[in-house]
Amino acid sequence: MDTIINLSALDTALLISLGIIVALGILVFFLAGLHRVPKNHAIVINKVGQFHCVYTRGVHFKMPIVYQRAGIYPLSPMVQKYIANNGNHLDVTFQIIDVEKYHKNHITLNDLMKRIEKENSEINFTVLSDKFALFGLKFINITKSLN
């Protein structure tokens with residue numbers, strides 16, 4: 001008993017169209033999961049809303065929907081302006097060294113410096129280095145700005 005499957009031209013066209021649609025869907029799904037991380041940057045990935053991992057330079061694949069990009073952070077030294085309580089304009093140079101810790105505690109430079117000024121009567125290199133390290137940052141330098 002041999003069964004012969006006889007496909008008409010319409011059936012063949014429908015099967016080919018369905019195959020193309022499935023292949024395009026798989027391609028779009030794959031491309032949606034690719035992430036290119038630029039040099040001197042890091043991307044934090046969350047899995048279902050919770051911290052999962054950090055991607056550094058290169059191309060990485062993550063499963064779309066389950067894994068979401070939560071933040072992108074520069075890893076090179078940054079200079080930001082800060083106005084101290086005494087009115088001095090300061091240029092603070094720092095660098096993110098622990099992306100996970102920085103992401104979880106995400107604090108702005110202004111908030112961190114205000115907290116340091118409030119807690120310490122004397123601010124020096126050691127105090128700044130210790131406080132910055134608590135938030136995944138490396139204190140590099142502080143200078144008076146002309147503004």
Side-chain angles (χ1 to χ4, degrees), residues 7 9-147:
L7 295 177
L10 181 61
D11 292 337
T12 305
L14 285 174
L15 284 175
I16 291 172
S17 299
L18 181 62
I20 290 172
I21 291 170
V22 169
L24 286 175
I26 291 170
L27 179 66
V28 167
F29 183 79
F30 178 76
L31 291 176
L34 285 179
H35 283 277
R36 185 186 152 279
V37 183
K39 182 179 179 182
N40 292 328
H41 284 77
I43 292 179
V44 172
I45 301 296
N46 282 351
K47 179 180 180 182
V48 194
Q50 298 293 321
F51 176 85
H52 177 66
C53 67
V54 175
Y55 290 160
T56 55
R57 182 180 182 183
V59 178
H60 303 272
F61 178 78
K62 65 166 188 62
M63 186 74 90
I65 301 168
V66 176
Y67 298 95
Q68 301 102 17
R69 186 171 87 177
I72 183 166
Y73 301 105
L75 298 178
S76 55
M78 297 175 277
V79 178
Q80 288 188 7
K81 298 198 177 295
Y82 172 71
I83 301 174
N85 287 340
N86 60 9
N88 288 335
H89 290 256
L90 305 171
D91 288 334
V92 181
T93 307
F94 64 97
Q95 183 175 4
I96 299 172
I97 56 171
D98 186 342
V99 178
E100 180 180 354
K101 190 185 289 187
Y102 180 73
H103 177 74
K104 286 181 178 178
N105 294 308
H106 195 69
I107 188 168
T108 64
L109 177 69
N110 282 337
D111 292 341
L112 178 56
M113 290 297 290
K114 285 177 185 173
R115 183 183 290 185
I116 292 170
E117 282 187 309
K118 190 187 321 181
E119 293 174 359
N120 299 285
S121 57
E122 182 183 334
I123 297 176
N124 57 37
F125 188 87
T126 306
V127 169
L128 290 171
S129 293
D130 292 346
K131 293 294 181 179
F132 273 57
L134 293 175
F135 295 95
L137 300 170
K138 175 185 175 186
F139 172 74
I140 297 172
N141 191 15
I142 192 165
T143 57
K144 248 187 178 180
S145 178
L146 297 176
N147 318 28

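Just so it is clear, the values below take in all heavy atoms, side chains as well, and ignore hydrogens, waters and symmetry mates.
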Just verifying a value: how many Å separate Asn40 CG and Leu75 CG, rounded to the nearest 0.5 Å? 6.5 Å
Considering only heavy atoms from C-beta outward, does the side chain of Arg69 approach that of Val37 to under 4.5 Å? no
So if I apply the ring pair (Phe, Tyr, Trp, His ring centres under 6.0 Å) rule between Tyr102 and each of Tyr73, Phe94, Phe132, which one comes out positive? Tyr73
Decide yes or no for Ile107 and Arg115: does some side-chain heavy atom of the first lie under 4.5 Å from some side-chain heavy atom of the second? yes
For the residue pair Glu100 and Val44, establish whether any side-chain heavy-atom pair is separated by less than 4.5 Å. no
Would you call Lys62 and His52 a side-chain contact if the rule is heavy atoms closer than 4.5 Å? no
Check for a donor-acceptor pair, side chain of Asn124 on one end and backbone N or O of Thr126 on the other, with a separation under 3.5 Å. yes
Has Leu27 got more than 12 heavy atoms of other residues, nucleotides or ligands less than 6.0 Å from its CG? yes
NZ-CE distance between Lys118 and Met113, expressed to the nearest 0.5 angstrom: 14.0 Å
Atom CD of Glu119 with >12 non-hydrogen neighbours under 6.0 angstrom: yes
Side chains of Val92 and Phe139, heavy atoms from C-beta outward: is any pair under 4.5 Å? yes
Is Tyr55 close to Arg36 at the side-chain level, that is, under 4.5 Å between some pair of heavy atoms? no
Please evaluate residues Leu34 and Leu31 with respect to the criterion side chain to side chain contact (heavy atoms under 4.5 Å, CB included), reporting the C-alpha separation (whole Å), side-chain torsions for both, the decisive distance (0.1 Å), and the verdict. CA-CA 5 Å; Leu34 285 179; Leu31 291 176; 4.0 Å; yes
Is there a side-chain contact between His35 and Tyr67, using heavy atoms and a 4.5 Å cut-off? no
List the steps, then state whether side chain to side chain contact (heavy atoms under 4.5 Å, CB included) holds for Asn110 with Gln80. CA-CA 9 Å; Asn110 282 337; Gln80 288 188 7; over 6 Å; no
Can you name the nearest heavy-atom pair linking Gly136 to Lys101, along with the distance? N-CD, 3.4 Å
What closest approach, in Å, do Leu112 and Lys131 show between heavy atoms, and which atom pair accounts for it? CD1-O, 4.3 Å
Straight-line distance of Asp98 CG to Lys104 NZ, nearest 0.5 Å: 9.0 Å
Spatial distance of atom NZ (Lys138) from atom CD1 (Ile140) [nearest 0.5 Å]: 5.5 Å
Taking the side chain as every heavy atom from C-beta outward, state whether Leu109 and Lys81 have any atom pair closer than 4.5 Å. no
Heavy-atom nearest pair, Val54 first then Ala42, reads CG1-CB, 3.8 Å
Please determine whether side chain to side chain contact (heavy atoms under 4.5 Å, CB included) holds for the pair Asn88 and Ile83, giving the CA-CA distance in whole Å, both sets of side-chain angles, and the decisive distance to 0.1 Å. CA-CA 6 Å; Asn88 288 335; Ile83 301 174; over 6 Å; no
What pair of heavy atoms forms the shortest contact from His60 to Thr56, and how long is it? NE2-O, 2.7 Å
Can you tell me how far apart CD1 (Ile142) and OH (Tyr82) are? Round to the nearest 0.5 Å. 8.5 Å
Expected output: side-chain His41 to main-chain Lys39 donor-acceptor under 3.5 Å: yes
Atom pair CG/CG of Leu137 and Leu128 - distance to nearest 0.5 Å: 11.5 Å
